[in-house]
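Residue numbers begin at 1 in each chain, while the letters A, B, ... track the order of the sequences. Note that these values count all heavy atoms, side chains included, but never hydrogens, waters or copies made by symmetry.
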Amino acid sequence: MKANVTITLKKGVLDPQGKAIEGALHSLGFDGVENVRQGKLIELELPETDREAARAQVEAMCEKLLANTVIESYRIDLV
Amino acid sequence: MKANVTITLKKGVLDPQGKAIEGALHSLGFDGVENVRQGKLIELELPETDREAARAQVEAMCEKLLANTVIESYRIDLV
Amino acid sequence: MSIPNDIKITPELVAEHGLKPDEYERILELIGREPTITELGIFSAMWNEHCSYKSSRVWLKTLPTEGPQVIQGPGENAGIVDIGDGQCAVFKMESHNHPSFIEPHQGAGTGVGGILRDVFTMGARPIAALNALRFGDPDHPKTRHLVSGVVAGIGGYGNSFGVPTVGGEVNFHPRYNGNILVNAMAVGIAETDKVFYAAASGVGNPIVYLGSKTGRDGIHGASMASQEFGEDSEEKRPTVQVGDPFAEKLLLEACLELMESDAVIAIQDMGAAGLTCSAVEMGAKGDLGVELDLDMVPCREAAMTAYEMMLSESQERMLMVLRPGYEDHARAIFEKWDLDFAIVGRTTDDLRFRVKHGGDVMADLPIKELGDEAPCYDRPWTETPLPAELGASDVPAPNSLAEALVKMMASPHLCSRRWIWEQYDHLILGNTMQRPGGDAAVVRVDDGPKALAMSVDVTPRYCEAHPETGGKQAVAEVWRNITAVGARPLAITDCLNFGNPERPEIMGQLVGAIKGMGEACRALDFPVVSGNVSLYNETSGKAILPTPAIGGVGLLDDIDRMATIAFKGEDEAILLVGE
Amino acid sequence: MKSAIILFPGINRERDMARALRLAGSEEPVIVWHKETSLPQVDLIVLPGGFSYGDYLRCGAIAARSPIMREVVAKAEAGTPVLGVCNGFQILIEAGLLPGALMRNRELKFICRDVHLKVESNDTRFTRQYATGDVIRVPVAHGEGNYFADDETRRRLDGDGRIVFRYCEADGSFSTEANRNGSVDNVAGILNERGNVLGMMPHPEDHVEPHQGSTDGVGIFRSIVSAAA
Ligand SMILES: Nc1ncnc2c1ncn2[C@@H]1O[C@H](COP(=O)(O)OP(=O)(O)O)[C@@H](O)[C@H]1O
């Protein structure tokens, strides 16, 4: 089974990359763009075929490694 | 309107980050995980309300700045 | 075993592999039959300009390469000079121009990776990196993107690998608009009695593959050739090489750890045309044949063909000939560093380069001839005439010297490069005794008191005006920069960047520059110990400025006697030395 | 004094660190490989700088989950002094030994240059050879040293006197310009609650000899050695 994990900075955490991208977009003429935030996408494959079990496993990966839950939150999509 | 842009490395392009994350997951005991790839997620907001026009704008942003189309491909989701 | 020959070698396919009809005739004559597609790929890799130096070889031979300090001149991964106390300096410069234009960050990064490998392949620990960069007009729409990408790429690779990037140079000129130059130099230190070379020895010895896995990175040749291999050709399209400095750092540590023992007979890094060039070179230099079993090659992607594996330019890989009996010892070290390790072949006594895959022989070629019989051209050239002398009175004096000075200091050619070198970790290892911004960088050797001085220089507009004088001047400038910090110049490496050598006036620039360099090197006892040639740097028929970048290394016996650029006190006399 | 330097793959400033420790009077540090699960008895554990695991995923994230880190955490909790510099600081944060997070530098670029640090407190085992308020010059070399912590954590750090170093101008004044990576409150180095774990982004180990341009960094190592005596 495949899983996509999206990891984004929590609200309130300053996102220097997002801010820089927003600035660059403005200077390219995309004036109205705002609230640009950058996150991560991690795609992976699991041997597990049971959806519930797979989700639990990916959740454990997020908690243990993939996300820094001090500043990031994550979402898991099984595909 | 909000847009989510996911940017991933093209197939066949080496993904050192994905490789390192896969190794780390293995050593944490998630043995079966494979094909780990890391990509980027960029969330942004546009004043544009017309979906077609919004998509075209975000596409232009991707081509001009957000994605490195030599090695990356991108997908746009309007939300 | 049969040699399956199921792809018809057409003139188009030959041309797409960059081989001229008469070069193909030579191949047919050499092997007495039509080559397989894999063999064609191997020839194209071995006989291209980059590997064979076919346009420059006759002239490179005229450069002085010897001296009491020279331990190894051109012909190995890097040059080696003696620095006393049983130690030597190992260094080389190389270009990564085209990849850096296509993808500046990765292109420049992998350029740094390649030159670092050249140095640590020989058993040396890299202690410094430098680079010579040329970009187009500062106002050209692509320049900003290229500059920031190249600088981030060089820093990204060197910083992570852990070598201080201590020097370099940057120029801007419209003639580089469509063809930037990224030349990277690396300097390492080794113990003189523990230097490793490429020549294999001994029959039946294991050939070992080390480092990262092989993917379809930067496969040469031709879209057409790869299309023939499968239905989903879209996905097999040659891709840009992505560097992994982390893997390279592991490779460095693993190689140096293994070299502590007697395990290594020969070693060669996989640079351009990876497996092909490295295996052929190890065999040919050692007068041995090589047999590779591609089924054993660690691959990153499924269903790679022999053609693809032989031409892949995946980074961070090495080939080694091991002393028999040391396999387990070597494997343990590479596994400790989480690197791939595979025995992929062995040396033979039949002087053939044989490549097997899936039970078939995909290539069976005479190994010596692959290198020795490569074409070598004495291309026609025309001398660049000396430009007319410009009288001082023909140049109008500036209205205000102060204004002129401010204008010069603010110009992209002369302004501070701090923005660039602050993105390079120039202090790591704690031995940077002279940071970027002075004449030559100075890097201490271990805990001292010895130190090496190094500098890269060339002034392309001088070379354009008169290549011979420009070549001379570049060598002299390096020499001056090294002496200015109080060091004794030892030897140089070079990177000769020119346009299309098939045009006599361009060939004339190359010839002129080499003549000038040679003359200066002889006059200064400053031999050439390594280098690289990059030709065909043109866009739409317009060549870059002739750019023979020179990288020099000198020795400072005692760091306490180093000279620095800053004035040290008030009321001291200022002397102007020279003509 | 006995010290151990933990070596994760991709770490590259361990030699600089070992030299600084030697110069300050430590015995030759023991190098401990990340796959080990136990540590010798030492007076100091050092996590040096570099790019452990290539800085992939998040700086320090993968190294913080190595087998040896369980032992480092246990020793730290038992009171052994731990110093983390640059990537070592990032690892300590990822391992939960220090609060907050280190993000990309404000200008998104790697910065290698000398900076000035204000010694905010000499009442620590890492800074006792300085005077409170001293300004020292040491280099930084990092791409992700932009310290972030939520308001409450910041208040606590500040209130407890656990912000040991702040980026400042040569005269000791604070400015945005002196705070090149964009850290909150100019934070350059912090201490854990117990006072035995210090994490800092700048590299004192690269300013310990006159030839390196300054010896301002040596005080940290001398402090540690004298505290262990
Ligand atoms: N311009 C030059 N001057 C002197 N030696 C050169 C020059 N160009 C190449 N060489 C030498 O020729 C040999 C082959 O170069 P090259 O193919 O670039 O090495 P590699 O196989 O490491 O890429 C090297 O030893 C190099 O030092």
(request) Measure from the side-chain N and O atoms of C:Arg300 to the backbone N and O of B:Val13, and report whether any donor-acceptor pair falls under 3.5 Å. (result) no
(message) For B:Asp15, which atoms come within 4.5 Å of any heavy atom of chain C: side chain, backbone, both, or neither?
(response) neither
(request) Measure the shortest side-chain to side-chain distance between C:Val242 and B:Pro16 over non-hydrogen atoms and say whether it is less than 4.5 angstrom. (result) yes
(message) Tell me if the CE atom of B:Met1 is crowded by more than 12 foreign heavy atoms within 6.0 Å.
(response) yes
(request) Check each atom of B:Ile71 against the heavy atoms of chain C and say whether the ones under 4.5 Å are side chain, backbone, both or neither. (result) side chain
(message) What I'd like to find out is whether the side chain of B:Val70 reaches to under 4.5 Å of the side chain of C:Gln106, using heavy atoms alone.
(response) no
(message) Ignoring hydrogens, what is the shortest heavy-atom contact between C:Ala247 and B:Lys19? Give both atom names and the distance.
(response) CB-NZ, 4.5 Å
(request) Decide if atom NE2 of C:His140 counts as having more than 12 heavy atoms of other residues, nucleotides or ligands within a radius under 6.0 Å. (result) yes
(message) To the closest 0.5 Å, what do you measure between NZ (B:Lys11) and CZ (C:Arg216)?
(response) 11.0 Å
(request) Select one option (side chain, backbone, both, neither) describing which atoms of C:Gln315 are under 4.5 Å from chain B's heavy atoms. (result) neither
